[in-house]
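Worksheet: one structure, shown below.
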Amino acid sequence: MSAPTYTRPPRSTRGGVDIRLPWWALALPVLAFVALLLLILNPADAHAAAEQPAISHLLERLEQLTTR
């Protein structure tokens, strides 16, 4: 009676893990970040920031930079 022998896996799987993300796996978080940033910079919702001039100035500067 013969014992079963162990066969080695192909060399392509021994080098490590090869993980590739699709293009949208990076694009979706970037898109969500930009959308949230634009919602923050929306001048219609800036009435709360008008009470604090330093934050208001910073938000206006960020808005100018994003509209260029």
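Sequential numbering from 1 along the given sequence is applied to the chain's residues. Keep in mind that what you see is a predicted model, and the values were worked out from it rather than measured.
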Using 0.5 Å steps for rounding, measure from the CD atom of Glu63 to the CG atom of Leu37. 10.5 Å
If you compare all heavy atoms of Leu21 against all heavy atoms of Ala25, which two are closest, and at what distance to 0.1 Å? CB-CB, 4.0 Å
Straight-line distance of Leu41 CG to Thr67 OG1, nearest 0.5 Å: 9.5 Å
Let me confirm one number: the CZ-CG distance from Phe33 to Leu38, rounded to the nearest 0.5 Å. 10.0 Å
Spacing of Glu60 atom CD and Leu65 atom CG [to the nearest 0.5 Å]: 12.0 Å
